[in-house]
Amino acid sequence: MENDYKLFEVHRMFKEDKKLIKNCYSEYDFLHYNPVNDEFLDRIFIDGSFWGIFEGEKVAALSYMLLPQSKLFSNLTASWEIKDLLNSNLDDYIISGYVWKSKKYENKSCYVALSKLWEIWRIKKKKKGIIHYMPAHIKVDFESLFNENFELIGLRGLDKLVPHYIFVKNIYDEKLSIEKTLECPLSDTKEISKLCEHGYRGYEITAGQNILFRR
């Protein structure tokens, strides 16, 4: 899977792509909260950016990025919760929000291409880290995220109490010592949430679908 991203091309999305984006993200309408609506898209084309991962003319994945200070993010409960979790005003981060991924490409490592895109945007904005969050009811590619040096820092109910996995990248000094390592089944969401609230960070997933945590 490591070289899957080489199949893809990355394109920035614009207003003329609005219908395609809405159609893709409508798959998340079963959630109590789906931020990708008309108003959101109109603003993000101005305040942030939307990007697509394509194989030829077929869209494999979509992702958007914005700064924490933008009203699109700062007015959300997610903003307060993540600030509380990191004990930070988030000025040193960019936000990469919901990723949509075509079921056809479920076994392809789109996150490799997305992570490179987010990293370029982070550097462009002169920030030190990336925050990415996804609803817990959507399949999340933990393996690829951990391989791209993201760490799981939280599992919290955000807007309308929809539970979300919250990931960060580039917040640690490489010399940070590991006090303790714990292992938790991916299916045990209560324990995952508890570990994160106690300062543990998920950094690897095993073949048996257990997350390894450290602090």
Side-chain angles (χ1 to χ4, degrees), residues 28 31-35 63-69 73-101 109-112 114-115 118-119 122 127-215:
Y28 294 174
L31 301 168
H32 292 297
Y33 177 74
N34 180 359
S63 172
Y64 56 89
M65 294 169 288
L66 63 162
L67 294 176
Q69 299 77 25
F73 182 75
S74 62
N75 287 340
L76 299 176
T77 304
S79 174
W80 183 91
E81 291 284 357
I82 296 172
K83 285 177 181 177
D84 177 67
L85 195 60
L86 284 172
N87 192 26
S88 166
N89 60 15
L90 307 185
D91 283 348
D92 287 328
Y93 296 89
I94 67 163
I95 304 296
S96 57
Y98 289 15
V99 167
W100 172 85
K101 192 173 177 181
S109 189
C110 295
Y111 266 107
V112 176
L114 289 172
S115 182
W118 297 338
E119 184 65 14
R122 179 192 71 79
K127 304 299 181 181
K128 79 167 190 178
I130 303 167
I131 295 168
H132 172 55
Y133 61 102
M134 281 289 288
H137 298 305
I138 304 294
K139 185 176 180 180
V140 177
D141 188 353
F142 286 91
E143 182 179 2
S144 291
L145 279 167
F146 290 148
N147 285 342
E148 293 298 317
N149 298 316
F150 280 86
E151 292 183 305
L152 176 65
I153 63 163
L155 175 54
R156 283 189 176 190
L158 301 184
D159 294 273
K160 295 193 177 179
L161 300 181
V162 176
H164 287 71
Y165 291 109
I166 303 164
F167 300 87
V168 293
K169 182 179 181 180
N170 294 340
I171 66 167
Y172 280 133
D173 182 334
E174 292 182 359
K175 296 179 181 179
L176 183 70
S177 61
I178 299 174
E179 176 188 315
K180 193 174 183 180
T181 300
L182 297 175
E183 189 169 338
C184 178
L186 179 59
S187 58
D188 193 347
T189 53
K190 287 186 178 180
E191 185 64 17
I192 290 172
S193 178
K194 181 180 176 182
L195 286 171
C196 290
E197 295 298 326
H198 284 83
Y200 284 90
R201 311 287 175 119
Y203 67 97
E204 187 177 330
I205 190 163
T206 69
Q209 295 297 288
N210 293 329
I211 296 179
L212 301 183
F213 286 87
R214 62 188 174 193
R215 71 174 182 185

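A ring pair (Phe, Tyr, Trp, His ring centres under 6.0 Å) with Phe150 is found for exactly one of Trp118, Tyr111, Tyr133, namely Trp118. When the options Phe142, Tyr203, Tyr93 are evaluated for a ring pair (Phe, Tyr, Trp, His ring centres under 6.0 Å) with Phe167, the one that passes is Phe142.
Within the 4.5 Å cutoff, the side chain of Met134 has heavy atoms near those of the Val99 side chain. Inter-residue side-chain proximity for Lys127 and Leu67 is flagged as met; some heavy-atom pair is nearer than 4.5 Å. Counting heavy atoms from C-beta on, the side chains of Phe73 and Ile82 come closer than 4.5 Å. Looking at Arg201 and Val168, their side chains come closer than 4.5 Å, going by heavy atoms from C-beta outward.
Across every non-hydrogen atom of Thr77 and Asp159, the tightest pair is N-OD1, 2.8 Å. Here the closest heavy-atom approach between residue Phe213 and residue Cys196 is recorded as CE2-SG, 3.9 Å. Between Pro68 and Ile94, the shortest heavy-atom distance links the atoms CD-CA, 4.4 Å. Closest heavy-atom contact between Arg122 and Gly129: CD-N, 3.8 Å.
One distance of note links CG of Leu85 with CD1 of Ile153; it measures 4.0 Å at 0.5 Å rounding. Annotation: the span from His164 atom NE2 to His132 atom NE2 amounts to 10.0 Å, rounded to 0.5 Å. Atom CD of Glu148 is separated from atom CD1 of Ile130 by 9.5 Å, given to the nearest 0.5 angstrom. With rounding to the nearest 0.5 Å, the separation of CG in Leu90 from CD1 in Ile95 is 5.5 Å. Between atom CZ of residue Arg214 and atom CD of residue Glu204 there is a gap of 9.0 Å, rounded to the nearest 0.5 Å. Once rounded to the nearest 0.5 Å, the distance linking NZ of Lys101 with OG of Ser63 reads 12.5 Å.
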Open item on the list: Applying side chain to side chain contact (heavy atoms under 4.5 Å, CB included) to Ile138 and Trp100, what does each step give before you reach the verdict?
Closed with: CA-CA 9 Å; Ile138 304 294; Trp100 172 85; over 6 Å; no
TODO: Carefully, step by step, assess His137 and Leu31 under the rule side chain to side chain contact (heavy atoms under 4.5 Å, CB included).
DONE: CA-CA 8 Å; His137 298 305; Leu31 301 168; 4.0 Å; yes
Under 3.5 Å, side-chain donor or acceptor atoms of residues 183-194 against the rest of the protein: list the pairs with distances, not counting sequence neighbours.
unit_1: Glu183; atom_1: OE2; unit_2: Asn210; atom_2: ND2; d: 2.9
unit_1: Asp188; atom_1: OD1; unit_2: Glu191; atom_2: N; d: 3.2
unit_1: Ser193; atom_1: OG; unit_2: Leu155; atom_2: O; d: 3.0

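In this structure, Thr206 contributes its side chain and Ile211 its backbone to no donor-acceptor pair below 3.5 Å.
Taking the six-membered ring for Trp and thresholds of 30 and 60 degrees, Tyr98 and Tyr64 have ring planes inclined between 30 and 60 degrees apart.
Shown here are the side-chain hydrogen bond (donor to acceptor under 3.5 Å, both in side chains) partners of Asp91, two or more places apart in sequence or in another chain: Gln69, Asn89. Annotation: side-chain hydrogen bond (donor to acceptor under 3.5 Å, both in side chains) contacts of Arg156 (sequence neighbours excluded): Glu81, Asp84, Glu197.
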